Novice: 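This is the structure, below, for whatever I ask next.
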Amino acid sequence: MDFNYTDTQDMLRDTLARFLADTYDFESRKKMIASDAGRDPGIWRALATELGILSAPFSEEQGGLGGGAIENLIMMEELGKVIAVEPYLQTVVIGGGALKAVGGALADAVIPEIIGGNVIIGFAYAEPKGRYNLANISTTAKKDGAGYILNGHKAVVYAAPWATHLLVTARTGGSQRERAGVDLFLIDAKSAGITRRDYPTVDGFRASEVYFENVAIPGDALLSGGIDLIEQIVDEATVAVCGEACGVTRKLHEGTLDYSKQRQQFGQPIGRFQVLQHRMADMFLEVEQIMSMTLMATLKLDLPAAERKAMVSLAKAKVSRSAKFVGQNAVQTHGGIGITQELAIGHYFKRATMIEGQFGSADWHLDRYEQLTLSDVA
Amino acid sequence: MDFNYTDTQDMLRDTLARFLADTYDFESRKKMIASDAGRDPGIWRALATELGILSAPFSEEQGGLGGGAIENLIMMEELGKVIAVEPYLQTVVIGGGALKAVGGALADAVIPEIIGGNVIIGFAYAEPKGRYNLANISTTAKKDGAGYILNGHKAVVYAAPWATHLLVTARTGGSQRERAGVDLFLIDAKSAGITRRDYPTVDGFRASEVYFENVAIPGDALLSGGIDLIEQIVDEATVAVCGEACGVTRKLHEGTLDYSKQRQQFGQPIGRFQVLQHRMADMFLEVEQIMSMTLMATLKLDLPAAERKAMVSLAKAKVSRSAKFVGQNAVQTHGGIGITQELAIGHYFKRATMIEGQFGSADWHLDRYEQLTLSDVA
Amino acid sequence: MNLEFSPEEITFRDEVRTFIAENYPVELRGKQDEGDELSKEDFLSWHKVLAKKGWVAPAWPVEYGGTGWTPTQRYIWSEETARADCIRLMPFGLTMVGPVIYTFGTPEQKAKFLPRILSGEDWWCQGYSEPGSGSDLASLRTKAVQDGDHYVVNGQKTWTTMAQHADWGFFLVRTNADAKQQEGISFLLVDMKTPGIEVRPIITLGGEHEVNEVWLEDVRVPVENRVYEENKGWTCAKFLLAHERSGIAGVAASKRGVERIKEIAKTEMDDDRPLLTNPFFRRKVAELEMDLTALEYTELRTLAGEAQGKGPGPESSLLKIKGSEIQQRITELTLEAAGHYGAPYFRGFGEGDNEHPIGPEYANRSAPVYFNVRKTTIYGGSNEIQRNIIAKMVLGL
Amino acid sequence: MNLEFSPEEITFRDEVRTFIAENYPVELRGKQDEGDELSKEDFLSWHKVLAKKGWVAPAWPVEYGGTGWTPTQRYIWSEETARADCIRLMPFGLTMVGPVIYTFGTPEQKAKFLPRILSGEDWWCQGYSEPGSGSDLASLRTKAVQDGDHYVVNGQKTWTTMAQHADWGFFLVRTNADAKQQEGISFLLVDMKTPGIEVRPIITLGGEHEVNEVWLEDVRVPVENRVYEENKGWTCAKFLLAHERSGIAGVAASKRGVERIKEIAKTEMDDDRPLLTNPFFRRKVAELEMDLTALEYTELRTLAGEAQGKGPGPESSLLKIKGSEIQQRITELTLEAAGHYGAPYFRGFGEGDNEHPIGPEYANRSAPVYFNVRKTTIYGGSNEIQRNIIAKMVLGL
């Protein structure tokens, strides 16, 4: 057993942290998300070219640094610390992860473009009615000669307004909610027949409703692997979001701690009040446990699917609950100022709140865990 | 709407409280429960004859004071304040309640004996396997001429070692778990074929496993009403236990408050520490809500069965949870001394703990509530 | 002891129900439920209907325009308005400064201000909190120095709800810097159009402009606008805080909130079944109903005590604590129900925008309302302060 | 970074497993699971097996009789012993006074005491708490006055676990009443057979006699039995408290406890189905596993830090807080599973009593164990104290 980061990993973290400290202060972020585009494309370009770190989780053959889930964790944690709205999760973790998993010509073609910062991917998996069941989808991909015809409506596709490509789940066969027949496609976001309705999200990102109307896609857009592949990449994404939560909640805790040392009430810093001291101790406990669970799940991503799913779900359930606890108590300890747009704390709280439900709520993940591990009472 | 007690009710409470203050101090109680009998029969006699208050919830025609559920609440609350082990719940609330509900010759015969202190009743309803489902019983009462033959095993029958009569649920027909065919019998505890294994309970009472082996009982031992009647009296008993919880938790809170004002640590009474202050404020909140829910449920006992059950369950669920919170925090605030036999607080805690599950845990009652009120999603 | 309404009370309830059904403004329907931001016009629209009927200030003494209702009638009133999803009027005039004026004010003050509060002519705001004095209200530093028949007020207030619309504000100011904190404070009524007042918006997490900073620079306030004695303003403030707490349980509104969640969860799907059949979602609803029932009966017991002349004491802190926690849990459940559609940030339709909203209608405002309602455990004396009050005033710690 | 055991570690694990299977005393099997009260003989029986093997004090330095295991091996050891339901040895000699002696003691003290701790010859108890000093340990008042080559000790200790069996005790005593609280304390090793010592039982809620009061009247203790410098006993005490906390997470034992609940809930019926299929009971089990996993990986991270030379710092308070809460939740669930059969108070079989216990076997001790385990959030520095420590030492508040 070993919990140490390698020197390369430490360096990756330092490089990114230093870059974000220079570019992603709270005021700069505010401007980015208020801009028409909702981001500063220069940041992504710099990550790709100047820092060259979008390559971190890819194999050396694919032009990467030879990393994997731990590198994604490091990246997500640091991005979380500045509540960055960069499409790293969608593009590198999810899109890149899917391509790594299937390999082949498509991967060889697209991964270098991801590393180079030329491809941004939106993950179009959710639908208006399916909630967290990845197989409960109505979007269809009908075989049409060598290709497919895509029809459907995907909900709340983060990063879609910026995306060059969409990674889409669609049904090629089987009936509603059946696992068999669900497939994954990587398609050009500009394909004819795709329309979008773009909007900001409450946590500062941009997203879209994406509508597919008889969108013709080539046969090689299919990433073979079906629902198993989709579950795998969603598990990887879930753990990456846990990594982001490590950064977000640590900042919530630190910010609250700092505030409590400065803010005076009743003639003393509020951090002198024992009730707030214990609350911040409890927040510390939760932040540490978020870290522990995220590491655990990261290190278990390579296990067989049933065990991987169980442990990812256990981690996400804990992270969801702890993020809620930390976020709510950070706001409460700040008082009114905690729920204004003025201070960073409120923005971290908003992101923490959305992380709670992303890729499944605590209840949903506990349910999945139970189905996998506590159902055998024969 | 009116939340006032009548003068008669106030008087009832005062009479009982004064008597218990004289007779049921902590040391006296300790001696009673450590004695062979496990109680001081003189107390019950005095309640019946000297104070004449076992008559409180019975109608005037039956020799009572014309009271009902509110009188039971008052009695149970005051008994709870001294964690009395008297069989009021079993004898007056449950046994008396069943007889009041059915009326007739049996009621006319037995109620005066209850009032007079000559009858003590054990309620034999639980079984080793049925948990809280009152219809999931294996004890059978087979018709035999004019009477019945009883066979079975009843679990943890509180007050059975002291009982002159047993109120027994048994199946006269139908299959396991079927509501139809469950009936209620009031029988002589000395009937041939009844054996008992007696033991103390963790909360200071005495109880028994009761075994029926071909016990012949007369036909008029049947209290007609079946499962509906049984549910009604168990609901009444449940609310009475909530009433007891009012007394028990109030004492837990008061005792903790007193202790926190005396106990010195770090040069000051521990009640000066804000964390303990807030905890005791929260205990106060819970105690008040136990009172509110108990009053609510008491006043709704006469509603139609579905609504009565829903509101009793809502009350018991809240009382169970709040009693746990108050009990655990009382002990924690006392520190080590809270879990010794020396101080009263630990004994209140033990009773509060057993109240949690009595007649159904919080989860069980929430489940019943949901079945009754939140199942209609057509 | 009983819970039943008398025949008279049932008649009253039916009268209220009919009145609401016939008179609640059509354009307001659904707005409270959806958590829509409400405009000044929205509030005034319902206010004026009630004012016309004489029901706008149920708790006021009859001589000043109250209804003379019993506590039970007032309970019925709040039940019925919540049940019908009526918007809740702003409290600053009706339940805050109004009672202070009729309790502590001069005959002139009563004559001048009370009718305009009732009519809706004056929109009030509250100048209490300051950047440096939140929970520690008595440490406020905005000072008022007498100059002839005026006070000259300088300082800064914050969290001033709806000050952007206000005609008048009631302000706590320091009139004696040498006295002990609570003994040098006065209670002033300030015309918000007085020169030297600047109102600056504070935008909260959901994007709402509800609260403001109010900057006061050499603001001249006639001495006749001081309520009660100089340096005795804390008496008014304490009176008002207790008054504020007793209504803050918000039971009737929360009941409506829980009903709405049930409605949502009956149609919103959780994979292949209605969300309300998910045992854990359903359990959270049941737990809300449980805790809300406990709060309701605790409030009823308090009301019964009040009817017997026991004023709303520090016990009312209980109502504030539990009421606010329940309000927050309702918003948490709504956001949970929204699932993916909690994320889109949608600020209502622009002119001529006829597109459908994104996701189910209730979901649009679920996250902003969730964020916004975090305030309920902070304002009106934070829940930490309420627990301090209970510890000190009720438990003697 | 990886979680896998090396081939050597797997070999070691198999060796441990085999050793336990072949050597764990037959008469002890099942006792830990059932929460049975354990006798001195029970403890010694297992102790001696381990002493013979040389595995009784894994964490001690090799020179004093430790095993020289890596942190991972120690982790495997605690996993495997818990998995096999081995009873947990009393910590007073092995993990408390032993480390103090080999860290701070004289060569003579080491030579005299350490071998007898390892062999099990001496049974130790801890004289720390006093009736007036619980959480505020440094306020202790038992005093020791030097008289020639002896200290004369007077005072009273309490919560002294298993003192009724003890040969030796380690005591904190005040040797300088004028110094600041923590600076006048010394650490003494006391022969429990010395005249003037009286041990009085304290019976806890489940009826157990685990803890005692220890009264000391003119107890003469040789000065050579003082560990470390006079008035510097607090240094030993702090060392020991940190040492105590790091093992107190109890992860392996709690894992076993959760496994046991699952076994129970697979057969125990909830009406017509196994209790484990009740969604709410099952959810509580899952939540326990979730929190226990979070604790386990937090402990592993701490161990990894220790392996790199970062001592168990105040962060270990986290392990104490969460570990004790989880232990309590396990007992709560067991009691819940017992249903009606949580109530009978059954203190084991008398001689020749061949009757079945009342209810299912696991249920007999469920309530007493629940009551008893409330102590885990109180002892070893209450969880309130641990939160104070985190606030002060980690958060700088």
Side-chain angles (χ1 to χ4, degrees), chain B residues 1-6 9 69-70 73 253-254 257 260-261 269-274 276-286 288-300 302-303 310-311 313-315 317-319 321-322 362-363 365-367 369-370 373-378, chain C residues 1-6 9 70-72 75-76 262 265-267 273-277 279 281-287 289-305 307-308 314-315 317-319 321-322 325 383-384 386-397:
Chain B
M1 277 195 295
D2 171 18
F3 282 90
N4 296 309
Y5 293 101
T6 64
Q9 288 165 343
I70 295 169
L73 161 62
H253 181 239
E254 283 175 10
L257 204 53
S260 79
K261 291 174 182 173
I270 61 171
R272 293 263 174 80
F273 289 100
Q274 197 191 22
L276 300 190
Q277 291 183 343
H278 281 208
R279 183 187 295 164
M280 287 184 276
D282 284 331
M283 290 167 73
F284 166 77
L285 262 52
E286 296 307 316
E288 287 298 319
Q289 289 178 96
I290 286 173
M291 191 77 234
S292 301
M293 283 303 240
T294 302
L295 278 172
M296 181 278 292
T298 303
L299 296 171
K300 297 208 165 184
D302 291 334
L303 294 178
M311 298 320 284
S313 279
L314 211 54
K318 180 74 186 169
V319 169
R321 293 212 179 156
S322 298
D363 276 344
H365 278 288
L366 283 169
D367 201 55
Y369 175 80
E370 292 163 14
T373 68
L374 296 174
S375 293
D376 171 26
V377 289
Chain C
M1 196 177 291
N2 76 76
L3 295 178
E4 273 142 51
F5 290 135
S6 65
E9 286 161 348
T70 63
T72 304
Y75 169 79
I76 290 169
K262 290 199 277 192
K266 280 177 187 175
T267 53
R273 58 185 176 181
L275 187 56
L276 194 58
T277 65
F281 195 91
R282 190 168 77 174
R283 178 58 45 97
K284 285 181 218 170
V285 174
E287 286 169 340
E289 295 195 318
M290 174 178 82
D291 289 334
L292 186 51
T293 305
L295 179 66
E296 178 181 16
Y297 281 83
T298 304
E299 186 175 41
L300 288 172
R301 286 170 57 216
T302 308
L303 287 179
Q308 290 187 294
E315 291 85 355
S317 291
L318 186 158
L319 305 177
I321 292 171
K322 288 292 160 191
E325 289 174 355
N383 284 18
E384 290 85 352
Q386 304 297 342
R387 287 186 169 88
N388 285 349
I389 290 172
I390 291 175
K392 189 171 165 191
M393 311 292 282
V394 184
L395 308 182
L397 289 170

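Residue numbering restarts at 1 for every chain, and letters A, B, ... go by the order of the sequence lines. Everything quoted here is computed from the prediction, not taken from an experiment.
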Novice: Between C/Glu296 and chain B, with a heavy-atom cut-off of 4.5 Å, which part of the residue counts as in contact: side chain, backbone, both or neither?
Specialist: neither
Novice: Step by step, work out the side-chain contact (heavy atoms from CB on, under 4.5 Å) result for B/Asp363 and C/Arg283.
Specialist: CA-CA 9 Å; B/Asp363 276 344; C/Arg283 178 58 45 97; 3.0 Å; yes
Novice: Examine whether an atom of B/Tyr369 lies under 4.5 Å from a heavy atom of chain C, and if so say whether it belongs to the side chain, the backbone or both; otherwise answer neither.
Specialist: side chain
Novice: Show your reasoning for whether side-chain contact (heavy atoms from CB on, under 4.5 Å) applies to C/Lys392 and B/Gln277.
Specialist: CA-CA 8 Å; C/Lys392 189 171 165 191; B/Gln277 291 183 343; over 6 Å; no
Novice: Between the main-chain N or O of B/Leu295 and the side-chain N or O of C/Arg301, is there a donor-acceptor pair closer than 3.5 Å?
Specialist: no
Novice: Side chain, backbone, both or neither: which part of B/Ile70 has a heavy atom under 4.5 Å from chain C?
Specialist: side chain
Novice: Do C/Leu397 and B/Leu257 have side chains that approach each other closer than 4.5 Å (heavy atoms only, starting at C-beta)?
Specialist: yes
Novice: Just verifying a value: how many Å separate C/Thr277 OG1 and B/Glu370 CD, rounded to the nearest 0.5 Å?
Specialist: 11.5 Å
Novice: Specify the closest pair of heavy atoms between B/Leu366 and C/Ala286, including all atoms of both residues, with the distance to one decimal.
Specialist: CD2-CB, 4.1 Å
Novice: Any chance you could measure C/Met1, atom CE, to B/Gln9, atom CD, to the nearest 0.5 Å?
Specialist: 6.0 Å
Novice: Do the non-hydrogen side-chain atoms of C/Arg282 and B/Ser375 ever get within less than 4.5 Å of each other?
Specialist: yes
Novice: Distance from C/Leu295 atom CG to B/Glu288 atom CD, nearest 0.5 Å?
Specialist: 12.5 Å
Novice: Inspect the contact between B/Lys318 and C/Glu289 and indicate whether a charged nitrogen and a carboxylate oxygen are less than 4.0 angstrom apart.
Specialist: no
Novice: Go through B/Pro269, B/Ala281, B/Ser260, B/Ala317 and name the one with the most non-hydrogen pairs under 4.5 angstrom from chain C.
Specialist: B/Ala281
Novice: Chain C heavy atoms under 4.5 Å from B/Ser322: which part of the residue, side chain, backbone, both or neither?
Specialist: neither
Novice: Check the surroundings of atom CG in B/Asp302: do more than 12 heavy atoms from other residues, nucleotides or ligands lie under 6.0 Å from it?
Specialist: no
Novice: For the candidates B/Ile290, B/Thr6, B/Asp282, B/Thr298, which exhibits the highest count of non-hydrogen atom pairs separated by less than 4.5 Å from chain C?
Specialist: B/Asp282
Novice: Between C/Asn388 and B/Gln274, is there a side-chain donor-acceptor contact under 3.5 Å, judged purely by atom types and distance?
Specialist: yes
Novice: Determine whether B/Met296 and C/Leu300 make a side-chain contact, defined as any pair of heavy atoms from C-beta on separated by less than 4.5 Å.
Specialist: no
Novice: Determine, stepwise, if the pair C/Leu3 / B/Phe3 fulfils side-chain contact (heavy atoms from CB on, under 4.5 Å).
Specialist: CA-CA 8 Å; C/Leu3 295 178; B/Phe3 282 90; 3.7 Å; yes
Novice: Can you measure from CG (B/Leu285) to CD (C/Glu325) and round to the nearest 0.5 angstrom?
Specialist: 8.0 Å
Novice: Which atoms of B/Met311 are under 4.5 Å from chain C, going by heavy atoms: the side chain, the backbone, both sets, or neither?
Specialist: side chain
Novice: What are the two closest heavy atoms between B/Met293 and C/Met290, and how far apart are they?
Specialist: CE-O, 3.3 Å
Novice: Distance from B/Arg279 atom CZ to C/Arg387 atom CZ, nearest 0.5 Å?
Specialist: 12.5 Å
Novice: Under 4.5 Å heavy-atom distance to chain B, tell me which part of C/Ala294 shows up: side chain, backbone, both or neither.
Specialist: both
Novice: What's the separation between atom CD in B/Gln289 and atom OG1 in C/Thr293, rounded to the nearest 0.5 Å?
Specialist: 10.5 Å
